[in-house]
Amino acid sequence: MEHSYLNSVRVNNDSCTGCLLCVKKCLVHAIRVRRGKAVIISDACIDCGECIRCCPTRAVRTLAEPLTELKRYKVNIALATPSFYAQFDGTLSASVLWQGLREIGFDSVFDVPLAGDYISEEIETFFQHYQGPYPVISSACPAVLRLIQTRYPELIPHVLPVLAPAEAAAIYVRRETIRRLNLAPEEVGIWFLSPCPAKGTNIHQSIDVAHTAVTGSLTLSSIYGPLSLAVDRIRNEKNELPEATVGTSYQLAWGLDEGELLSTGCRNGLSVSGPDDVDEILQQITLNKLPDVKFISCYICRSGCVGGPCVAVNKFVGMKNLKKRIAMRRLRERANRSEAMQAARVCDGFPASRQYIKPLKAKPAPPLAGDFGAAMEKMEQLTALEERLPGLDCGACGAPTCHNFAEDVVRGYGTEEGCIFLKR
Amino acid sequence: MEKRYTVEVDDFERAGAASISLKELLQKLGLAPETVRRIAIGTYEGEINCLIHGGGGVVIADITPHVITVRIEDHGPGIPDVEKAMQEGWSTASEEIRAKGFGAGMGLPNMKKVSDTFRIETEVGKGTTVIMGFSCV
């Protein structure tokens, strides 16, 4: 078992120059430079992927499966998420994209927005019976869930106990495929086309579901090349394929940060995206600063999943693409949200979240010492050491701040000599 | 162990800075998340009171393995009628403060609600000190 699989971001030592950019950028201070190379502290890493974005030598990458993995399964199904659709112009028929996925190795495609319609309804029902605490925090972004586990464990009771649409889709399509084709579970590969490292980690680690139905993740950037070629070919051969997304326009919008909120019809909701702002909003919830807000959708990537670190097109291009597709879809629906949802309810037997979801586990950074008294002593040492440090946060020691350095020393992960000012 | 944090006058942007620092410190000491949150909420309410009514002041946390005591001291006008001040919804905050979303009259009642022991020492014209005790077990 991959017991130690805690995060999906990896550093390639051959190309890492130890430049400190990622160390400084990391929201949760999970990176240090040791012996000239970046080292990620996987317990603390939330897989937001900011380090992937900022690395000048592209030394930080996400672990994901290559297309060749598909050979190990009899039937392979791709989960087409809104962020997947966002990689292509919104006027390009979805059926062309699906055909393209078939040509690069998948046997069929499942439209995740369809599961989104079901999940939105679950969220509405959940709120009808829910008594608090408010605000409820969306469970859609696994990096946010990790942030809550590690930094805001007190907010775990606020997390929406509903599956992410892609997980609901995976459970449904896995069950139906096994039943219809009479296959063994290990013969079916369900693949998440992923914009980020966090979704991949969630597959290996299942932080909020008992057993994930997803087999693995392929990054959007890694399939974009072969898929674009296939799509161009198909377009040249037959150009009149009907638009084919099944879920409503409201679910397509989940790829954008505001989408989840709009699709649930929640009136007193707030939508936040980007690591710093998500962190600040979670902090405000902890301090009870937002008691009137009912629902908060949180995405670690700015602008939501279209802004993921593993997408192929620029997020603003992706937003343009997706908005166009949403507009096209909306033309075919009635303007009214609930009517569109009614019309979309085409599949029965979606998995009820409560059968699969498991409560998040608190995973705060370990205390300075196991015993409170001993931890207090270490804290005194930390404060005393910090007072002797220059407070410049120069990073020469490999830690992002003097405070982090002092904490590393007190925890036994470094020595005072690491600071060039103390050595002088 | 004692920790002191200064609360600046009318610094709404940074309101909560003391409670956030204190929260991070207590997490590192291994205090249970729910207790940490109670302390953070109580301290935050105190900070807000301190800057709205007290004209700034100081937050002093006394940390022992069994009890955490948070004192919020100001040298503001003092509270003439403590009983009234403890009523939910009763506030002397100005319209300007209310427009910022504060001054709902819930500060002191909330501080009492989240803490295990609660005391107010106040003298008109001299200032107010609120003392909250939190049991660690």
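Numbers restart at 1 for each chain; the letters A, B, ... are given by sequence-line order, proteins then strands.
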- Message: Less than 4.5 Å to any heavy atom of chain B: does that hold for the side chain of A:Glu407, its backbone, both, or neither?
- Response: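 It is the side chain, since no backbone atom gets that close.
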- Query: Using non-hydrogen atoms only, which part of A:Leu155 is less than 4.5 Å away from chain B: side chain, backbone, both, or neither?
  - Reply: side chain
- Got a sec: does the NZ of B:Lys126 have more than 12 other heavy atoms crowding it under 6.0 Å? no
- Task: Can you establish whether the number of heavy atoms outside B:Glu2 located under 6.0 Å from its atom CD is more than 12?
- Result: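 Yes, the 6.0 Å shell around CD holds more than 12 heavy atoms from other groups.
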- Non-hydrogen atoms of B:Ser19 and A:Leu287 that approach each other most closely: OG-CD2, 3.8 Å
- Task: Measure across A:Phe372 and B:Ile68 and return the closest heavy-atom pair with its distance rounded to 0.1 Å.
- Result: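 Scanning both residues completely, I find the closest heavy atoms to be CZ-CD1, 4.2 Å.
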So for [X], is it side chain, backbone, both, or neither that comes closer than 4.5 Å to the heavy atoms of chain A?
X	value
B:Ile48	neither
B:Ile20	side chain
B:Thr43	neither

Look up atom [atom1] in [X] and atom [atom2] in [Y], then write down how far apart they are to the nearest 0.5 Å.
X	Y	atom1	atom2	result
B:Lys28	A:Met376	NZ	CE	16.0 Å
B:Lys3	A:Thr383	NZ	OG1	3.5 Å
B:Arg37	A:Tyr152	CZ	OH	11.5 Å

- Message: Do A:Met379 and B:Ile63 make a side-chain contact, defined as non-hydrogen atoms from C-beta onward lying under 4.5 Å apart?
- Response: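 With C-beta onward as the side chain, the pair stays apart.
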- With the side chain counted from C-beta on, respond yes when A:Thr286 and B:Lys23 share a heavy-atom pair under 4.5 Å apart, and no when they do not. yes
- Item | Contact leader toward chain B among A:Pro157, A:Ala375, A:Pro367, A:Gly373, where contacts are heavy-atom pairs under 4.5 Å | A:Pro367
- Query: Among B:Thr64, B:Leu29, B:Asn110, who wins on heavy-atom pairs under 4.5 Å with chain A?
  - Reply: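 That would be B:Leu29.
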